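Because the structure is a prediction, the values reported are computed rather than measured. First the proteins, then the strands, lettered A, B, ... as listed; each starts at 1.
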2 protein chains.
Amino acid sequence: MNKIRVAIFDDNALLRDSISLLIGDTDNLELVGSFPNCKQLKDNITDSNPHVVVMDIDMPGINGIEGVVLIRKFFPDIHILMQTVFDDDDRIFAALKAGASGYILKNAGSAKLLDAIVEVHNGGAPMSPSVAKKVLNQFQSGKPDSEEDFNLSAREREVLGLLVKGKSYKMIADELCISYDTVRAHMKKIYEKLHVSSMTEAVAKAINKNIFGFF
Amino acid sequence: MNKIRVAIFDDNALLRDSISLLIGDTDNLELVGSFPNCKQLKDNITDSNPHVVVMDIDMPGINGIEGVVLIRKFFPDIHILMQTVFDDDDRIFAALKAGASGYILKNAGSAKLLDAIVEVHNGGAPMSPSVAKKVLNQFQSGKPDSEEDFNLSAREREVLGLLVKGKSYKMIADELCISYDTVRAHMKKIYEKLHVSSMTEAVAKAINKNIFGFF
DNA sequence: CAGGCAATACCCGAAAAGGTGTATATTTTG
DNA sequence: CAAAATATACACCTTTTCGGGTATTGCCTG
């Protein structure tokens with residue numbers, strides 16, 4: 001029986017090494033390449049000719065999602081398993097949209113990693129329920145994404161919009177010709193409605209729930 | 001000669017009214033509908049049967065960009081002119097990608113608005129040079145967007161990533177198991193490299209220059 | 001091996017943001 | 001019409017962030 005040929009892309013050398021050892025100890029898997037970035041991705045893959053690529057989602061230079069795009073473009077038969085440190089639904093979803101077959105958390109344990117590699121090679125799609133639901137929703141209706149309604153007033157949306165563009169309270173006050181304290185009053189309401197408690201959380205939520213759509 | 005049939009979607013009643021008056025005073029234009037949101041978009045357009053739709057980019061419920069998508073889907077022959085308060089390249093670009101024909105700033109003056117309506121009806125595409133350049137770039141090379149390199153180190157990217165997810169310095173310190181002051185040290189470097197000076201600016205830039213891609 | 005850079009960590013003072021409370025006029029809505 | 005929501009504004013106080021420094025460790029490169 002032929003071994004599953006596996007290649008790894010991850011900027012963390014330690015993690016690459018430990019996966020190497022892990023795969024070396026498993027007799028139905030074979031590590032054919034281990035790379036710290038996607039700069040030579042095309043050559044790397046041509047040379048190592050893997051069945052499965054294990055790809056870190058966060059990498060300097062070309063990131064993992066862009067890596068997925070490239071692999072899909074040049075090697076459409078290769079299955080890609082994403083690895084992430086955090087369970088970041090949106091990024092994982094993006095990776096899947098780009099053509100990854102599944103994903104696994106970096107702290108999931110070695111047995112699970114090996115299982116996931118075998119699973120993607122067999123055409124499976126290891127992923128968490130929350131991501132699976134997103135994928136399902138996308139398939140069911142061509143809609144962009146969950147359109148949660150936060151009941152923001154027009155003014156609140158305006159303030160949030162400026163926030164998302166990186167403005168400070170003071171700048172927002174100037175831009176809207178209202179007092180600093182009024183901006184704060186709006187912010188309080190916005191935080192309440194979005195269930196957050198800081199500018200950055202609000203910005204992150206505004207983007208991920210695409211309150212303004214299309215970033 | 002037939003008048004150009006125009007419909008307006010804007011949540012600002014005052015602005016709707018002033019545009020109504022404006023169009024009423026112009027003899028080659030005819031206002032056939034004026035709506036505060038896109039909830040009944042399909043019926044509204046079927047009933048009013050416009051040649052040109054003037055659409056606010058920011059609206060509660062279904063936003064202007066989603067509105068564009070819907071119009072393109074059901075009424076592919078209608079030309080859409082976007083209206084925005086701010087010259088937000090990214091959103092405008094998104095609207096154009098979604099199928100809008102052009103855009104105009106809300107404070108551009110009535111004469112320009114009328115010109116723009118006529119222009120889109122005649123197949124033109126009124127837009128600012130900076131947006132035009134983006135569109136051109138997109139056409140010239142299938143690349144996602146400007147891929148500026150900010151020379152962030154792996155650690156800095158990691159910190160910025162957590163920032164974008166809405167974390168505070170303290171949370172980042174905990175998550176990365178480093179001291180609060182080290183997070184600050186990284187932040188200083190990040191701000192320097194991105195040429196910004198606040199968390200929200202950094203988040204905004206990280207997203208708009210898609211340092212992490214795919215939001 | 002010397003110099004540069006990344007990562008770590010600490011200090012200080014100033015500025016910004018956040019939490020809570022109060023208040024008033026207007027608009028919307030049941 | 002009365003109640004609720006919105007937009008405006010101020011006060012007081014705490015926490016967080018920002019902009020300067022300074023310093024050590026380790027790694028990579030010329």
Look at all strands and tell whether A/Lys167 reaches a base, only sugar-phosphate, or nothing, counting heavy atoms closer than 4.0 Å.
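It contacts nothing in the nucleic acid.
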
Mind checking B/Met187 for me? I need base, sugar-phosphate or nothing, with any heavy atom below 4.0 Å counting as a touch.
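No contact at all - B/Met187 keeps every heavy atom at 4.0 Å or more from the nucleic acid.
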
Could you check if a side-chain atom of [X] sits within less than 4.5 angstrom of a side-chain atom of [Y], using non-hydrogen atoms only?
X	Y	answer
A/Arg155	A/Thr182	no
B/Met171	B/Leu162	no
A/Ser153	A/His186	no

Can you check the [X] [atom1] to [N] [atom2] distance for me, whole Å?
X	N	atom1	atom2	result
A/Glu158	D/dA7	CD	C1'	12 Å
B/Ile190	C/dA7	CD1	C1'	12 Å
A/Lys170	C/dA15	NZ	C1'	7 Å
B/Arg157	C/dA6	CZ	C1'	16 Å
B/Leu160	C/dA7	CG	C1'	17 Å
A/Ile172	C/dA16	CD1	C1'	12 Å
A/Tyr191	C/dT20	OH	C1'	15 Å
A/Leu163	D/dT17	CG	P	14 Å

Listed nucleotide nearest any side-chain atom of [X], set [options]:
X	options	answer
B/Arg155	D/dA7, D/dA9, C/dA7	C/dA7
B/Glu156	D/dT8, D/dT6, C/dA7	C/dA7
B/Ala185	C/dT8, D/dT17, D/dG19	C/dT8

Side-chain N or O of [X] closer than 4.0 Å to phosphate OP1/OP2 of [N]:
X	N	answer
A/Arg184	D/dC10	no
B/Ser153	C/dA7	yes
A/His186	D/dT6	no
B/Ser179	C/dC10	yes
A/Thr182	D/dT8	no

Kindly compute the distance separating CD1 (B/Ile104) from CG (B/Leu81), expressed to the nearest 0.5 Å.
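Interatomic distance, B/Ile104 CD1 to B/Leu81 CG, rounded to 0.5 Å: 6.0 Å.
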
With nearest nucleotides of DNA chain C determined for B/Thr200 and B/Ile178 from heavy-atom distances, which residue corresponds to the more 5′ nucleotide?
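Mapping each residue to its closest nucleotide by heavy atoms, the 5'-most match is B/Ile178.
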
SB check B/Asp115 B/Lys112 (cutoff 4.0 Å):
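Answer for the salt bridge query: no.
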
Within the modelled atom types, does a donor on one side and an acceptor on the other bring the side chain of B/Lys188 and the base of D/dG20 under 3.5 Å apart?
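Per atom types, the contact qualifies.
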
Classify the side chain of A/Lys189 versus the base of D/dT6 as yes if they form a donor-acceptor pair under 3.5 Å and no if they do not.
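A donor-acceptor contact between them is absent.
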
Taking all non-hydrogen atoms of both residues, which atom of B/Val68 and which atom of B/Ala100 are closest, and how far apart?
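Taking B/Val68 first and B/Ala100 second, the nearest heavy atoms are CG1-N, 3.6 Å.
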
